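See structure below.
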Amino acid sequence: MLKSVMAFFDLVFPLKLKPLTYEMEGAKTLLPGTVVEAELKKTIRRALILDENLPGENVSGEGRGQGAGKFPTKTIKSVLTDGPAISAPLLGLLKWMAGYYMVPEGLALKVMFGGELFEKGKPRKAKRPERGGTRPAGAEAPAALLTASDAVAALTRIRQAQDYRAFLLHAPNGPFEGELALEASRDQKGVIVICPERSRMMEYERRMKPVFGGRLCVLHGGLTSAKRRFAYEKILAGETDVVLGTRVAVFAPLKKVSLIILTGEEDPNYKNRQDVRYGTREVAVMRAWLEKARVLLSSICPSAESYLNALRGKYEYLRFPGEKPAVRVLLDSKKKSGSGLPAGGDIMDRAITAAFAGALEKGRNALLVANRPGHSVPLCEDCGHFERCPSCGTALVLHKTLKAKKAGASASLLCHHCGFVKGAQETCGVCGGHGLKPLGAGIERLKEEAERLLTGTMGIKIVDRGKKTEKPEDAPEALLPLLYLGTKRVSKIAGEAGAARPKIAALIYPESAFFRPGFRSRERVFAEINHLADRLSADGKIIIQTKTPELFRAMKELDYEGFMKEELEERKALGYPPFSKIAQITIEAPTKPMPAQAPPPVKTRSGVEIPDAQVLGPIEKTDEKGKKFFLLLVKAPTARALKAAVGAALRTIAPGAKVTVDIDPA
DNA sequence: GTAATAGAAGCG
DNA sequence: GCTTCTATTACA
């Protein structure tokens with residue numbers, strides 16, 4: 001009898017699942033990217049055709065080959081799209097994501113489109129994408145920014161480049177960065193503009209909407225799934241070809257992309273922390289490569305990775321130097337005078353309070369930044385005792401504004417590691433002494449001091465929290481000088497004050513940031529100071545109060561090249577990125593210390609040894625809930641070698657443990 | 001000893 | 001994501 005013609009296809013479901021082979025009756029061939037329905041464990045689900053699984057061909061992995069072999073294949077129930085729903089470059093990106101980040105293709109698919117690309121349900125006509133003008137409109141576009149001839153030349157190069165081309169824009173300031181992004185995309189078709197966070201994206205939206213109108217589409221993780229689906233439909237239909245968004249926008253299913261702009265390219269927000277731990281910058285560059293498109297990475301303080309790529313000629317470097325505010329590093333005066341505190345035991349250096357008072361008296365705004373939440377650690381002067389967290393052992397921090405539910409306590413002691421809370425006492429818990437001395441400079445304590453030293457004599461409004469209440473009721477107070485006080489969050493708000501940006505900023509003991517884990521901590525601190533500088537007025541000034549001025553020596557002039565030279569030399573010496581590739585393996589094993597202490601020499605599949613790959617660890621850590629886990633760090637000279645080395649390391653881990661792999665960890 | 005339940009594996 | 005299989009615990 002005539003046997004019916006069968007074709008076999010590898011399908012990807014948007015689940016944590018590798019591709020599976022299904023069959024389809026008839027000679028009709030389905031193109032990769034086509035959406036179909038097929039049965040998985042008795043339920044019919046939507047999936048994407050990844051490849052045709054041709055007889056005799058062995059597609060990625062074990063025992064598959066032609067589907068008609070070892071196991072019975074199920075059949076594709078129906079075909080939902082007439083041809084590919086997503087472009088070939090995007091499909092390529094999916095495969096690259098799965099390979100590079102070592103996750104199943106299904107998980108990559110899920111992360112890229114969140115499942116919405118596959119859900120059924122009729123898209124309702126959008127209500128009104130326009131939102132009412134809720135904003136007082138801060139910084140306005142200094143329109144003449146880009147008239148300088150070198151800026152015009154840069155724009156021309158970006159616009160006219162053909163095929164794949166990467167640019168690194170080292171912008172002098174945020175407004176310039178935004179202006180160049182807008183101008184570069186102005187007469188382009190198929191543009192993706194990505195911002196590191198939603199609030200920045202909304203600023204860009206305000207600027208781009210008048211230019212692109214209905215061509216502009218917004219895409220970010222906070223969209224409801226209906227809105228997200230609606231956005232996808234507009235993009236797929238070609239109704240909009242300019243996509244603005246946060247990191248998920250890098251996957252926008254445009255038919256054709258010609259320009260990708262990644263603003264604030266060094267921002268840590270670009271690292272995805274769940275499921276597929278991708279880096280948006282790496283994905284953006286890879287997508288541009290696959291799309292044969294141009295990619296513009298921009299920042300006021302580019303990452304060491306991108307800067308090295310620029311130095312090596314992989315990216316075209318567009319450098320626009322700008323005036324930077326003066327940075328002054330103050331040695332902590334108390335260090336010299338021992339424990340003999342000045343009157344009142346002030347934390348802030350006199351030079352800072354004087355400079356702040358000067359600026360505020362002139363009606364200028366000021367910004368005080370510290371990394372520590374809470375007030376202080378109460379230390380008993382009599383017996384030296386301080387309270388520790390029962391599970392973490394770390395010092396508990398006094399929060400005066402946080403009321404503990406414990407009877408009688410007007411303040412509480414909080415563990416910043418695990419969140420443990422208890423009521424605070426007025427006296428020492430061990431000796432009953434009354435001499436509790438505050439140790440450390442938390443925001444709450446700084447606020448007390450600022451109120452005492454600065455607001456006492458003049459009318460000043462302290463702004464110390466997020467913009468939950470952004471009402472125009474500030475109007476009468478708008479004349480008062482503002483003292484912004486808080487962590488980075490507050491400095492962001494201060495930077496959005498348009499013409500009234502702070503004239504002076506002080507950082508109180510920022511050195512703790514140097515000791516955050518990870519090899520990038522220095523670079524982060526430097527970038528943060530640069531961003532702080534960008535938030536100040538043109539005649540701004542930053543004062544750093546520190547006990548370790550040596551650590552800030554390289555940051556003092558905000559000399560980017562000088563800093564990067566040192567930083568890159570150190571990274572090279574230690575074998576860290578961008579001179580190597582690294583991966584971090586997290587192992588959640590209940591009690592087992594670790595199966596293999598010394599991993600075997602790293603080899604590729606074919607048995608070739610990789611000379612410079614190494615596996616460090618395991619080290620034991622405890623998470624916020626007090627749960628133990630273990631970390632392995634894998635270093636290798638190239639991405640390829642890294643993959644092999646990670647594979648080798650994984651084989652040494654006993655089964656039963658929950659393992660996650662993070663390629664290029666933050 | 002079996003039943004109830006939780007957690008991991010596998011899905012073509 | 002949902003089913004199914006397996007390991008573990010509860011319980012008469």
Side-chain angles (χ1 to χ4, degrees), chain A residues 3-26 28-80 91 94-95 97-98 102-121 221 224-226 228-229 232 248 272 274-276 585-592 595 623 625 627-630 650-651 653-661:
Chain A
K3 218 174 128 190
S4 61
V5 194
M6 287 289 186
F8 297 91
F9 299 94
D10 290 332
L11 303 196
V12 193
F13 295 86
L15 302 169
K16 190 174 177 182
L17 184 60
K18 298 203 75 175
L20 302 174
T21 307
Y22 285 74
E23 61 181 43
M24 178 83 181
E25 212 163 326
K28 193 195 174 192
T29 174
L30 297 170
L31 293 170
T34 305
V35 179
V36 298
E37 280 184 327
E39 204 179 62
L40 180 70
K41 283 273 185 196
K42 293 185 174 167
T43 46
I44 293 178
R45 306 179 144 276
R46 296 190 171 189
L48 200 67
I49 304 260
L50 191 65
D51 274 309
E52 180 160 6
N53 192 331
L54 296 164
E57 229 177 67
N58 197 8
V59 190
S60 71
E62 62 293 332
R64 214 120 34 85
Q66 73 274 40
K70 339 246 168 196
F71 45 78
T73 45
K74 288 190 180 173
T75 145
I76 292 169
K77 285 281 185 301
S78 60
V79 180
L80 298 177
L91 218 55
L94 190 158
K95 290 180 186 172
M97 293 257 295
M102 306 208 282
V103 292
E105 283 78 355
L107 197 59
L109 181 62
K110 190 184 163 201
V111 165
M112 290 171 79
F113 307 113
E116 269 82 9
L117 205 57
F118 300 94
E119 277 169 34
K120 33 193 123 186
T224 62
S225 82
R228 188 164 175 178
R229 199 160 51 224
Y232 282 147
V248 288
N272 193 30
Q274 40 193 15
D275 296 326
V276 186
I585 302 174
T586 309
I587 304 147
E588 280 176 67
T591 46
K592 293 162 197 167
D623 73 0
K625 284 160 203 141
K627 213 175 177 184
K628 277 182 188 171
F629 62 97
F630 302 90
L650 291 178
R651 265 169 258 135
I653 298 166
K658 198 178 166 190
V659 176
T660 51
V661 177

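The basis for the numbers below is simple: all heavy atoms, side chains too, and nothing from hydrogens, waters or symmetry mates. So you know, we letter chains A, B, ... as the sequences are listed, proteins then strands, and number each from 1. Note that this is a predicted model, so its numbers are computed, not measured.
A search for side-chain hydrogen bond (donor to acceptor under 3.5 Å, both in side chains) contacts involving Lys110(A) returns nothing, not counting sequence neighbours. With sequence neighbours left out, the side-chain contact (heavy atoms from CB on, under 4.5 Å) criterion links Thr43(A) to Arg45(A).
Checking Leu20(A), Leu48(A), Val36(A) one by one against Leu11(A), the side-chain contact (heavy atoms from CB on, under 4.5 Å) holds for a single residue, Val36(A).
The CZ atom of Phe13(A) sits 12.0 Å away from atom CG of Leu50(A), with the distance rounded to the nearest 0.5 Å.
Residue Lys658(A) contributes atom NZ, which lies 11 Å from atom P of dA9(B) at whole-angstrom precision. Rounded to whole Å, atom C1' of dC11(B) lies 8 Å from atom NZ of Lys74(A).
Side chain of Tyr22(A) to main chain of Glu39(A): a donor-acceptor pair is present (N/O by atom type, distance under 3.5 Å, no hydrogens or angles).
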For nucleotides 1-3 of chain C, give me every protein contact, N/O to N/O, under 3.5 Å, one pair per line with atom names.
| unit_1 | atom_1 | unit_2 | atom_2 | d |
| --- | --- | --- | --- | --- |
| dG1(C) | O4' | Arg45(A) | NH2 | 3.2 |
| dG1(C) | O3' | Arg45(A) | NH2 | 3.3 |

